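This report concerns only the one structure given below.
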Amino acid sequence: MWNRVGLKEDSKTLLRLNYWPFVLVAFIHAVVGGGVASRSGRANALGDWKYLISDDNYGYDSYGMLREIVSFILPFLGLALITMLGMWAVMVVLNIFVLSPIEVGCKRYMTMARSVKPEYNEMIFVFRNCYGNVVKTMFLRNLYTFLWTLLFVIPGIVKMYEYRMIPYLMAEYPDMASDEAFRISREMMMGNKWEAFVLDLSFLGWDLLSALTFGLTGVFYSAPYQMLTNSALYLTLKKTHPSFGYQKPDDNYYFQK
């Protein structure tokens with residue numbers, strides 16, 4: 001059984017040894033993985049409804065006024081709705097074909113960093129290697145997780161942990177078939193989902209601190225720290241999985257004298 005304290009301590013040491021590149025990669029990963037946050041508000045554009053439909057409006061046709069206001073506003077509402085749907089469609093396409101491959105590339109960088117000093121272009125590795133297969137597999141992972149979440153929240157969370165290793169598998173084996181990636185990820189996480197959940201909970205304090213510092217703590221420490229820890233978890237579980245024939249490297253690149 002793996003030890004989360006050991007994974008975290010090793011990741012903190014690695015982060016100190018090559019700090020700025022890891023911060024940059026984690027920042028890019030957060031940008032492409034976070035999506036677009038939107039805020040909406042409401043305003044009473046029709047004013048005082050009671051006044052408009054009152055019978056004491058000094059002879060004005062209140063209902064006629066209301067119809068005119070509504071007929072004036074409806075085209076703008078329709079245009080706003082079409083614009084929002086268009087932006088949503090663009091974001092979905094962008095997420096599927098651009099952001100998800102970069103997310104996989106960022107995980108590739110963090111995983112490779114334990115054996116070699118990777119180049120920054122590893123973050124766009126997918127665009128040169130089995131792009132269609134990676135896009136398909138990541139799309140299916142996101143789709144299946146979403147559909148399971150629709151049943152109830154808990155099955156969605158379970159599936160999220162079950163599929164946790166798929167991006168790492170795609171990062172290292174971009175030609176791996178989608179069904180194979182799902183199967184191996186399920187097997188790797190079998191008996192490890194609860195421990196992975198506890199590992200995520202152990203970063204909750206850092207997440208709260210990041211919120212209090214308007215994301216600065218996350219950008220400059222906790223995000224790369226957590227990414228390195230998750231990549232260490234992947235490599236640790238990979239050692240015990242029979243499908244890989246894994247051979248442990250002689251040493252960590254950054255610890256070599």
Side-chain angles (χ1 to χ4, degrees), residues 11 14-15 18 20-38 88-114 118-149 156-157 159-178 180-182 184-186 188-189 196 199-200 203 206-207 210 215 218-235 237-238:
S11 298
L14 184 56
L15 177 59
N18 201 43
W20 287 110
F22 290 140
V23 168
L24 175 61
V25 174
F27 175 74
I28 294 174
H29 180 269
V31 170
V32 302
V36 177
S38 62
W88 176 80
V90 169
M91 284 306 304
V92 169
V93 172
L94 185 66
N95 181 70
I96 293 172
F97 294 103
V98 179
L99 301 185
S100 286
I102 295 177
E103 176 191 351
V104 171
C106 291
K107 287 180 167 60
R108 176 181 174 84
Y109 183 98
M110 292 297 195
T111 303
M112 291 179 63
R114 294 183 172 273
E119 300 290 337
Y120 288 122
N121 61 12
E122 295 297 341
M123 288 185 284
I124 56 173
F125 164 85
V126 172
F127 295 97
R128 308 187 304 270
N129 296 271
C130 304
Y131 172 76
N133 185 60
V134 174
V135 166
K136 170 190 171 185
T137 304
M138 291 295 290
F139 171 75
L140 291 175
R141 184 205 68 162
N142 295 335
L143 177 63
Y144 293 162
T145 303
F146 172 73
L147 293 177
W148 277 104
T149 304
I157 295 175
K159 289 298 177 180
M160 180 180 68
Y161 280 93
E162 193 171 283
Y163 303 154
R164 186 181 182 119
M165 294 302 153
I166 289 177
Y168 296 95
L169 292 169
M170 290 292 99
E172 193 168 8
Y173 308 100
D175 59 341
M176 180 180 288
S178 299
E180 188 76 355
F182 277 88
I184 293 178
S185 181
R186 283 194 296 268
M188 291 177 74
M189 293 303 297
L199 176 63
D200 289 341
F203 286 97
W206 285 110
D207 294 336
S210 179
V219 169
F220 291 106
Y221 189 77
S222 61
Y225 173 28
Q226 190 166 7
M227 283 193 71
L228 284 169
T229 304
N230 287 330
S231 66
L233 174 61
Y234 164 72
L235 292 174
L237 296 180
K238 178 182 172 182

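Index from 1, following the sequence. Source: prediction; values computed, not measured.
A donor-acceptor contact closer than 3.5 angstrom is absent between the side chains of Glu180 and Tyr173.
Both tests pass for Arg108 against the ring of Phe125: distance under 6.0 Å to the centre and angle within 45° of the axis.
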List the steps, then state whether side chain to side chain contact (heavy atoms under 4.5 Å, CB included) holds for Leu233 with Tyr168.
CA-CA 10 Å; Leu233 174 61; Tyr168 296 95; over 6 Å; no
Between His29 and Met123, does a side chain to side chain contact (heavy atoms under 4.5 Å, CB included) hold up when you go through it step by step?
CA-CA 9 Å; His29 180 269; Met123 288 185 284; over 6 Å; no
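At distances below 3.5 Å, at least one donor-acceptor pair connects side-chain atoms of Thr137 with backbone N or O atoms of Asn133. Although no hydrogens or angles enter the test, the distance criterion places no donor-acceptor pair under 3.5 Å between the side chain of Ser100 and the main chain of Ile96. Between the Ser185 side chain and the Phe182 main chain, no donor and acceptor come within less than 3.5 Å of each other.
Taking the six-membered ring for Trp and thresholds of 30 and 60 degrees, Tyr109 and Tyr120 have nearly parallel ring planes, at less than 30 degrees apart. Using a 30° and 60° split on the angle between ring planes, Tyr225 and Tyr221 fall in the tilted class, from 30° to 60°.
Scanning both residues, Ala181 and Leu169, for their nearest heavy atoms gives O-CD1, 3.5 Å.
Counting heavy atoms from C-beta on, the side chains of Leu199 and Asn230 come closer than 4.5 Å. Contact check for Asp207 versus Gln226: side-chain heavy atoms found under the 4.5 Å cut-off. Residues Phe220 and Trp20 are in side-chain contact: their nearest non-hydrogen atoms beyond the backbone lie under 4.5 Å apart. Using a 4.5 Å heavy-atom cutoff, the side chains of Pro101 and Met138 are not in contact. Inter-residue side-chain proximity for Ile184 and Met165 is flagged as unmet; no heavy-atom pair is nearer than 4.5 Å. Taking the side chain as every heavy atom from C-beta outward, Arg114 and Leu228 approach each other to under 4.5 Å.
Expressed to the nearest 0.5 Å, how far CG of Leu140 lies from OG1 of Thr145 amounts to 10.5 Å. For the atom pair CE of Met189 and CD1 of Ile166, the computed distance is 11.0 Å after rounding to the nearest 0.5 Å. Rounded to the nearest 0.5 Å, atoms OG1 (Thr149) and CZ (Phe146) are 8.0 Å apart. A distance of 10.0 Å separates CG of Asp200 from OG1 of Thr229, quoted to the nearest 0.5 Å. Within the model, atoms OH of Tyr234 and NZ of Lys107 stand 12.5 Å from one another, a figure rounded to the nearest 0.5 Å. If you take CE on Met170 and CG on Asp175, they are separated by 8.0 Å, rounding to the nearest 0.5 Å.
Within a 6.0 Å radius of CZ in Phe127, other residues, nucleotides and ligands contribute more than 12 heavy atoms.
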